[in-house]
A.B. asks: 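One structure, as structure tokens, below. Some questions next.
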Amino acid sequence: MTAAESSAAAPAPSDFIRDIVAAHVAEKRYAKIVTRFPPEPNGYLHIGHAKSICLNFGIARENAGRCNLRFDDTNPVKEDIEFVDSITTDVRWLIAGWADEVLGVKAKGTTPALVPALGRPDYFQPPATPGSGIETEAFFASDYFTALYDCAVELIQRGKAYVCDLSAEDTESFRGSPELPGRDSPFRNRSAAENLDLFRRMKAGEFPNGARSLRAKIDMAAPNLWLRDPLLYRIRHVPHHHAGAAWCLYPLYDYAHCLSDYFEGITHSICTLEFVDHRPLYDWLLGSLDLPRALPHQYEFAKLTLGYTLVSKRKLLRLVQENKVAGWDDPRMPTLAGLRRRGIPAHAIRQFVANLGVTKHDSLTDVAVFEHTIREALNHSSERRLAVLKPIKIVLTNLAPGEVLVCQATNNPQSESPTTRAVELTREVFIESDDFAEVPPPKYFRLKPGGEVRLKYACIIKLDEIVKDSAGAITELRCTADLTTRSGQPNCDRKVKGTIHWVSAEQAIDAEVRLYDRLFTVPEPGASEDFLSLVNPHSLETVQAKLEPSLAASAAPTCYQFERLGYFTPDTKESAPARLVFNRTITLRDAWAK
RNA sequence: UGCCUGAUGGUGUAAAGGUAGCACAGGUGACUUUGACUCACCUAGUCAUGGUUCGAAUCCAUGUCGGGCAGCCA
């Protein structure tokens with residue numbers, strides 16, 4: 001692991017949430033700090049989730065605590081097993097080598113046990129003890145359906161919840177508006193016995209979808225809309241991807257989430273700003289049950305918004321459904337799967353998030369910050385190779401056909417003890433067509449008529465003649481190589497303004513290279529519902545490139561720097577030794593282009 | 001006309017009554033067998049108005065502007 005990859009060397013980040021946790025640790029409020037990352041399995045994880053993952057796992061890691069991966073799977077109509085698999089993979093990838101020892105999982109198939117605590121019934125879902133050899137899985141809110149149901153019964157018995165027969169439309173109109181108080185449901189004052197009977201029958205499947213709901217009995221005139229008798233349960237006659245066909249009664253987020261946190265012994269329940277309004281409800285529900293153990297508390301931070309990027313599962317789903325991209329893991333997607341396939345290392349994402357900070361105000365992060373972090377990480381870890389994306393042929397007229405000059409190329413100048421490899425100069429080579437200009441602009445350092453450039457690791461060449469076909473298209477450039485400027489030769493230190501990359505035409509191997517650019521044409525694609533029309537039509541350009549032969553055996557996830565071009569990695573899905581396919585992770589910074 | 005929440009260079013953040021700092025972006029130069037990297041220097045900020053104080057980004061008041069909330073989504 002290089003210094004850049006070793007997050008342990010970096011100082012622990014500080015922010016207002018970590019300050020709160022630190023204060024709790026100082027006063028020994030909890031035996032152990034326990035956080036959780038609670039995705040709903042209805043889409044792929046994206047760069048915005050990375051912020052939450054790094055925050056929650058980071059806090060657990062910094063405090064010798066634990067962070068549970070928990071699927072918040074209370075809405076079976078939107079969820080799918082495909083997503084629980086992808087999310088599990090992506091979380092493990094992002095935290096691997098960094099916080100995997102604090103990942104909280106449980107014994108497969110287990111649900112919270114009903115135990116007495118302090119003379120009261122209590123539910124607790126213990127994490128799996130590492131190394132015990134048992135099969136484990138993530139936590140699932142759906143594993144708590146029975147415990148959740150029992151708590152709802154308790155709420156009813158305490159007069160804090162009731163079964164409501166209002167339709168969805170009536171429920172909405174009875175709720176009032178921000179300015180106007182709501183009105184009590186006509187079913188609000190049913191007896192506990194009647195509520196219990198109805199709720200049991202809801203569970204038994206006696207009523208159709210939407211016929212009845214269970215509601216918290218709080219205050220229909222509350223200024224906070226989430227306190228106006230929010231729904232706790234709704235009827236959905238659909239099977240569940242994890243719980244199977246056992247239920248037709250499913251809890252809503254607000255009810256399931258706070259109790260799931262409690263069942264798992266979560267101490268700090270960290271979520272994004274849109275849940276601030278829900279916090280009083282979170283506290284009300286837990287406070288209404290007379291629970292014996294310490295209660296979790298909710299803290300909120302501003303989610304990540306990244307320039308030129310969409311950070312919304314719903315909108316990302318549309319991109320996939322309408323074939324604007326080749327799938328959730330298209331390398332242009334801001335999903336963790338897409339970024340991984342693009343060649344961006346997990347530690348670069350972690351570093352990016354650490355640089356971001358955590359606050360309570362919305363902001364728009366410049367993509368340049370992300371790009372800088374990626375380049376910084378890759379610059380240290382990537383070996384250099386020579387590759388020509390858009391080839392133009394050069395003939396070195398003073399080399400004989402078949403003549404081979406072996407040159408030594410540095411693999412990584414950033415490493416403490418750089419190694420080298422051989423690259424072979426031959427009479428015919430390819431250079432980048434951008435590195436030649438028949439009519440050069442001012443201050444052009446590269447090859448031009450009568451001019452000289454250095455072929456990197458080889459020698460200086462001089463352009464003598466431009467050969468064109470009958471249509472006027474350039475077919476080759478005839479040059480003279482100054483072999484006294486090769487490394488180790490008397491004139492090796494001779495300076496010319498430009499140094500360019502090249503590959504031997506005889507030895508080059510072919511590869512498809514996919515050049516990616518930002519997916520959207522505007523800084524805030526998420527601000528518009530018309531985001532599909534803002535997709536950058538040039539976000540993918542495919543070229544047939546010529547690579548130095550050492551690249552023949554390359555395979556993901558190794559990332560290379562193609563000198564003077566950028567960072568490239570073999571595609572995980574489509575690259576094979578017989579047919580190489582590279583993705584451009586990111587270009588090099590290019591001051592000249594400006 | 002409700003409730004919640006926020007405001008520091010272009011962008012993202014730090015400063016817990018005591019020198020407004022860091023990173024990115026931008027600019028200039030040095031170095032360079034990557035117009036990369038690296039290095040040096042530069043540009044640029046406390047929403048407004050009052051108040052408290054020897055001293056305010058920070059505390060108080062008022063205002064302005066922004067974000068969120070009326071799913072049987074999470």
Side-chain angles (χ1 to χ4, degrees), chain A residues 14-15 19 38-40 42 72-75 77-79 164 166-168 171-173 175-182 209-215 222-228 230-236 250 252-254 256-257 271-280 300 302 307 313-314 355-373 375-376 379-380 384 386 407 409-410 413-414 443-446 453-460 485-487 492-501 561-566 587-594:
Chain A
S14 171
D15 54 66
D19 289 347
E40 183 187 15
N42 65 347
D72 221 338
D73 56 349
T74 57
N75 186 4
V77 311
K78 289 191 175 181
E79 298 159 7
C164 180
L166 250 26
S167 67
T171 302
E172 187 183 336
S173 71
R175 185 152 38 226
S177 70
E179 299 84 4
L180 268 23
N209 289 345
R212 289 190 160 90
S213 62
L214 185 75
R215 294 231 252 165
N224 181 339
L225 296 164
W226 290 103
L227 260 20
R228 318 243 264 226
L231 271 76
L232 269 23
Y233 273 92
R234 80 289 226 188
I235 298 170
R236 288 276 180 277
Y250 292 100
L252 278 105
Y253 165 83
D254 288 294
H257 200 86
C271 62
T272 48
L273 250 25
E274 62 265 36
F275 293 102
V276 171
D277 291 332
H278 298 234
R279 194 191 328 131
E300 311 88 6
K313 269 196 281 188
R314 200 191 98 245
N355 292 345
L356 240 37
V358 180
T359 65
K360 295 186 78 160
H361 54 265
D362 296 306
S363 56
L364 176 64
T365 297
D366 194 334
V367 257
V369 179
F370 188 38
E371 292 170 346
H372 172 264
T373 316
R375 290 189 181 106
E376 190 177 46
N379 179 42
H380 284 91
R384 313 289 112 137
L386 296 177
C407 309
T410 305
Q414 302 290 325
K443 287 191 170 176
Y444 187 79
F445 294 171
R446 290 107 93 177
V453 287
R454 178 177 283 279
L455 296 183
K456 187 155 195 196
Y457 305 123
C459 61
I460 293 171
T485 60
R486 291 180 66 204
S487 185
C492 67
D493 289 332
R494 210 183 115 206
K495 305 292 181 196
V496 283
K497 208 63 175 142
T499 298
I500 64 175
H501 57 278
Q561 184 196 101
F562 289 177
E563 297 218 34
R564 301 207 314 126
L565 295 170
T587 61
L588 249 29
R589 201 161 159 269
D590 185 359
W592 163 254
K594 291 165 189 161

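In the text below, chain A, chain B and the rest are named by the order of the sequence lines, each starting its count at 1. Below, each value reflects all heavy atoms present in this structure, side chains not excepted, and no hydrogens, waters or symmetry copies.
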A.B. asks: If you take atom types as modelled and just measure distance, does the side chain of A:E300 reach the base of B:U5 with a donor-acceptor pair under 3.5 Å?
C.D. replies: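 Answer no: no donor N or O sits under 3.5 Å from an acceptor.
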A.B. asks: Using the P atom in both, what is the distance from B:A23 to B:A14, to the nearest Å?
C.D. replies: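 Per the computed distance, 15 Å lies between those P atoms.
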A.B. asks: For a quick check of understanding: with a heavy-atom distance under 4.0 Å over all strands, which category does A:R446 fall into, base, sugar-phosphate or nothing?
C.D. replies: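 Contact class for A:R446: base.
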A.B. asks: Are any side-chain N or O atoms of A:E376 and backbone N or O atoms of A:H372, one a donor and one an acceptor, separated by less than 3.5 Å?
C.D. replies: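 A pair under 3.5 Å: no.
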A.B. asks: Which nucleotide sits closest to the side chain of A:H361: B:U13, B:C37, B:A74?
C.D. replies: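 Ranking B:U13, B:C37, B:A74 by closest atom to the A:H361 side chain puts B:U13 first.
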A.B. asks: Given side chains that start at C-beta, do those of A:L273 and A:D362 come closer than 4.5 Å, heavy atoms only?
C.D. replies: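 They are in contact (side-chain heavy atoms under 4.5 Å apart), so the answer is yes.
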A.B. asks: Taking only the P atom of each, what is the distance from B:U58 to B:A7 in whole angstrom?
C.D. replies: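 Pairwise P distance, B:U58 against B:A7, rounds to 12 Å.
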A.B. asks: At under 4.0 Å, does any side-chain N or O of A:T365 touch on OP1 or OP2 of B:G12?
C.D. replies: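 It does not, given that no N or O in the side chain of A:T365 lies less than 4.0 Å from OP1 or OP2 of B:G12.
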A.B. asks: For A:L227 and B:G2, what is the distance between atoms CG and C1' respectively, to the nearest whole Å?
C.D. replies: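 After rounding, the reported distance stands at 14 Å.
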A.B. asks: Could you tell me how far apart A:L455 (CG) and B:U34 (P) are, to the nearest whole angstrom?
C.D. replies: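 These atoms are roughly 13 Å apart.
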A.B. asks: Where each residue is assigned the nucleotide of RNA chain B containing its nearest heavy atom, which of A:S14 and A:A593 is assigned the position nearer the 5′ end?
C.D. replies: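 Closer to the 5' end of RNA chain B: A:S14.
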A.B. asks: Provide the distance between the two C1' atoms, one in B:A57 and one in B:G45, to the nearest whole Å.
C.D. replies: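 Approximately 10 Å lies between the C1' atom of B:A57 and that of B:G45.
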A.B. asks: Base, sugar-phosphate, or nothing: which does A:E40 touch, judged by heavy atoms less than 4.0 Å apart?
C.D. replies: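 Sugar-phosphate: the residue A:E40, judged by heavy atoms under 4.0 Å, touches backbone atoms but no base.
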A.B. asks: Mark yes or no for whether A:N224, through its side chain, and A:D277, through its backbone, hold a donor-acceptor pair below 3.5 Å.
C.D. replies: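 Indeed, once roles are kept as given, a pair shorter than 3.5 Å links the two residues.
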A.B. asks: Do you know the tightest heavy-atom contact between A:R215 and A:L166?
C.D. replies: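 Answer, listing the atom of A:R215 first, then A:L166: NH2-CD2, 3.9 Å.
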A.B. asks: Less than 4.5 Å apart, side chain to side chain, heavy atoms only: is that true for A:W592 and A:K443?
C.D. replies: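 Yes. Closest side-chain heavy atoms under 4.5 Å.
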A.B. asks: For A:V367 versus A:G307, what's the shortest heavy-atom pair and its separation?
C.D. replies: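 Closest pair (atom of A:V367, atom of A:G307, distance): CG1-O, 3.0 Å.
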A.B. asks: To the nearest 0.5 Å, tell me how far A:C271 SG sits from A:E300 CD.
C.D. replies: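 So the gap between those two atoms works out to 5.0 Å.
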A.B. asks: I want to verify a distance call: between B:C73, B:G6, B:G12, whose nearest atom is closest to the A:L356 side chain?
C.D. replies: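 That would be B:G12.
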A.B. asks: Using a 3.5 Å distance criterion without hydrogens, assess whether the side chain of A:T485 forms a donor-acceptor pair with backbone atoms of A:I460.
C.D. replies: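 Checked: pair present.
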A.B. asks: When the P atoms of B:C69 and B:G35 are considered, how many whole Å apart are they?
C.D. replies: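 Their P atoms lie roughly 49 Å apart.
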A.B. asks: Quickly work out the A:D19 CG to B:A15 C1' distance and round it to whole Å.
C.D. replies: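 Rounded to whole Å, this separation is 12 Å.
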A.B. asks: Please identify each residue that fulfils ring-ring contact (aromatic ring centres under 6.0 Å, His included) with A:F370, with sequence neighbours left out.
C.D. replies: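 Residues passing ring-ring contact (aromatic ring centres under 6.0 Å, His included) with A:F370: A:F352.
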A.B. asks: Measure from CD on A:Q561 to P on B:G35 and round the result to the nearest Å.
C.D. replies: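 Distance check: A:Q561 CD to B:G35 P gives 10 Å.
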A.B. asks: Please list, for nucleotides 69-72 of chain B, all pairs of protein and nucleotide N/O atoms separated by less than 3.5 Å.
C.D. replies:
from, atom 1, to, atom 2, distance (Å)
B:C69, O4', A:D277, OD2, 3.2
B:C69, O2', A:W226, NE1, 2.9
B:A70, O2', A:R175, NE, 3.4
B:G71, OP2, A:R175, NH2, 3.4
B:C72, OP1, A:R175, NH2, 3.1
B:C72, OP2, A:R175, NH1, 3.4
B:C72, O3', A:R236, NH2, 3.4
B:C72, O2', A:R236, NH2, 3.1
B:C72, N4, A:L166, O, 2.8
B:C72, N4, A:A168, N, 3.2
B:C72, N4, A:G210, O, 3.3

A.B. asks: With nearest nucleotide decided by heavy atoms, which residue, A:G357 or A:C492, maps closer to the 5′ end of RNA chain B?
C.D. replies: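 Taking each residue's closest nucleotide, the earlier one in sequence belongs to A:G357.
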A.B. asks: Is any side-chain heavy atom of A:R384 closer than 4.5 Å to a side-chain heavy atom of A:T410?
C.D. replies: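 The answer is no; the side chains never approach within 4.5 Å.
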A.B. asks: Between B:G66 and B:G50, how far apart are the two C1' atoms, rounded to whole Å?
C.D. replies: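 Comparing C1' positions in B:G66 and B:G50 gives a spacing of 23 Å.
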A.B. asks: Among residues at least two apart in sequence or on other chains, which ones pass ring-ring contact (aromatic ring centres under 6.0 Å, His included) with A:H278?
C.D. replies: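 If we apply the ring-ring contact (aromatic ring centres under 6.0 Å, His included) test to A:H278, skipping adjacent residues, the hits are A:W226, A:F275.
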A.B. asks: Let me know the distance between CG of A:L565 and C1' of B:U34, rounded to the nearest Å.
C.D. replies: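 A:L565 atom CG is separated from B:U34 atom C1' by 9 Å.
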A.B. asks: Would you write out the dot-bracket form of RNA chain B, 5' to 3', with Watson-Crick and G-U pairs under 3.5 Å, [ ] for crossing pairs, | for pairs to other strands and . for unpaired bases?
C.D. replies: .((((((..((((....[..)))).(((((.......)))))....(((((..]....))))))))))).....
A.B. asks: Taking the side chain as C-beta and beyond, is there a heavy-atom pair between A:R175 and A:E172 under 4.5 Å?
C.D. replies: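 The answer is yes; the side chains approach within 4.5 Å.
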A.B. asks: State, yes or no, whether a side-chain contact exists between A:E563 and A:T499 at a heavy-atom distance under 4.5 Å.
C.D. replies: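 With C-beta onward as the side chain, the pair stays apart.
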A.B. asks: Tell me whether the OP1 or OP2 atom of B:G35 has a side-chain N or O from A:T499 closer than 4.0 Å.
C.D. replies: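 It does not, given that no N or O in the side chain of A:T499 lies less than 4.0 Å from OP1 or OP2 of B:G35.
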A.B. asks: Within this structure, what is the NZ-to-P distance between A:K497 and B:U34, rounded to whole angstrom?
C.D. replies: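 After rounding, the reported distance stands at 12 Å.
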A.B. asks: Output one line per pair: protein atom, nucleotide atom from nucleotides 21-27 of chain B, and distance, for all N/O pairs under 3.5 Å.
C.D. replies:
from, atom 1, to, atom 2, distance (Å)
B:C24, OP1, A:H372, NE2, 3.3
B:G26, OP1, A:K594, NZ, 2.5

A.B. asks: Within the structure provided, determine whether A:L455 and A:I500 are in side-chain contact (heavy-atom separation under 4.5 Å).
C.D. replies: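 They are in contact (side-chain heavy atoms under 4.5 Å apart), so the answer is yes.
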A.B. asks: Taking the side chain as every heavy atom from C-beta outward, state whether A:L588 and A:Q561 have any pair of such atoms under 4.5 Å apart.
C.D. replies: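 Yes, close enough: below the 4.5 Å cut-off.
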A.B. asks: Name the pairs: protein N/O against N/O of nucleotides 40-42 of chain B, kept only if under 3.5 Å.
C.D. replies:
none

A.B. asks: Taking C-beta and beyond as the side chain, do A:D254 and A:P230 meet within less than 4.5 Å on heavy atoms?
C.D. replies: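 No, every pair of side-chain atoms sits at 4.5 Å or beyond.
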A.B. asks: So, OP1 or OP2 of B:A36: does either fall under 4.0 Å of a side-chain N or O from A:H501?
C.D. replies: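 So the side-chain polar atoms of A:H501 never come under 4.0 Å of the phosphate oxygens OP1 or OP2 of B:A36.
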A.B. asks: For a quick test of reading the model: is some side-chain N or O of A:S363 closer than 4.0 Å to OP1 or OP2 of B:U13?
C.D. replies: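 Indeed, a polar side-chain atom of A:S363 lies that close.
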A.B. asks: Please measure how far the C1' atom in B:C39 lies from the corresponding atom in B:A74, and state the result in whole Å.
C.D. replies: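 One C1' to the other, the span is 49 Å.
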A.B. asks: Between A:E40 and A:K78, is there a salt bridge with N-O shorter than 4.0 Å?
C.D. replies: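 Salt bridge between A:K78 and A:E40, a charged N being under 4.0 Å from a carboxylate O: no.
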A.B. asks: Going by 5.5 Å between centroids and 30° between planes, is there a stack of A:W592 over B:G35?
C.D. replies: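 Stacking is present between B:G35 and A:W592, given that their ring centres fall under 5.5 Å apart and the planes under 30°.
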A.B. asks: Considering only heavy atoms and no angle criterion, is a donor-acceptor pair shorter than 3.5 Å present between the side chain of A:R564 and the base of B:U34?
C.D. replies: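 A donor-acceptor contact between them is absent.
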A.B. asks: Between B:G35 and A:K443, is there an OP1 or OP2 to side-chain N/O distance shorter than 4.0 Å?
C.D. replies: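 Answer no for this pair, as no side-chain N or O of A:K443 is under 4.0 Å from OP1 or OP2.
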A.B. asks: When you measure from the side chain of A:P413, which nucleotide among B:U34, B:G6, B:A74 comes out closest?
C.D. replies: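 The nucleotide sitting nearest to the side chain is B:U34.
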A.B. asks: A:K456 has a side chain; which of B:A74, B:U34, B:G35 sits nearest to it?
C.D. replies: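 The nucleotide sitting nearest to the side chain is B:U34.
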A.B. asks: Using a 4.0 Å heavy-atom cut-off, does A:T359 contact any base of the nucleic acid, only the sugar-phosphate backbone, or nothing at all?
C.D. replies: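 Sugar-phosphate contact only.
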A.B. asks: Atom CG of A:L364 and atom C1' of B:G10: how far apart are they, to the nearest Å?
C.D. replies: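 Computing the A:L364:CG to B:G10:C1' distance gives 12 Å.
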A.B. asks: Determine the interatomic distance between C1' on B:U8 and the same-named atom on B:G12; round to the nearest Å.
C.D. replies: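 So the two C1' atoms sit 11 Å from each other.
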A.B. asks: When the distance from CG of A:L588 to C1' of B:G35 is rounded to whole Å, what number comes out?
C.D. replies: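 The answer, rounded to whole Å, is 10 Å.
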A.B. asks: Can you tell me, in whole Å, how much space there is between the P of B:U46 and that of B:A20?
C.D. replies: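 My reading of the P atoms in B:U46 and B:A20 gives 13 Å.
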A.B. asks: For B:G17, measure the glycosidic angle (O4'-C1'-N9-C4 for a purine, O4'-C1'-N1-C2 for a pyrimidine) and name it syn if it falls within 90° of 0, otherwise anti.
C.D. replies: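 Because its glycosidic torsion lies more than 90° from 0, B:G17 adopts the anti conformation.
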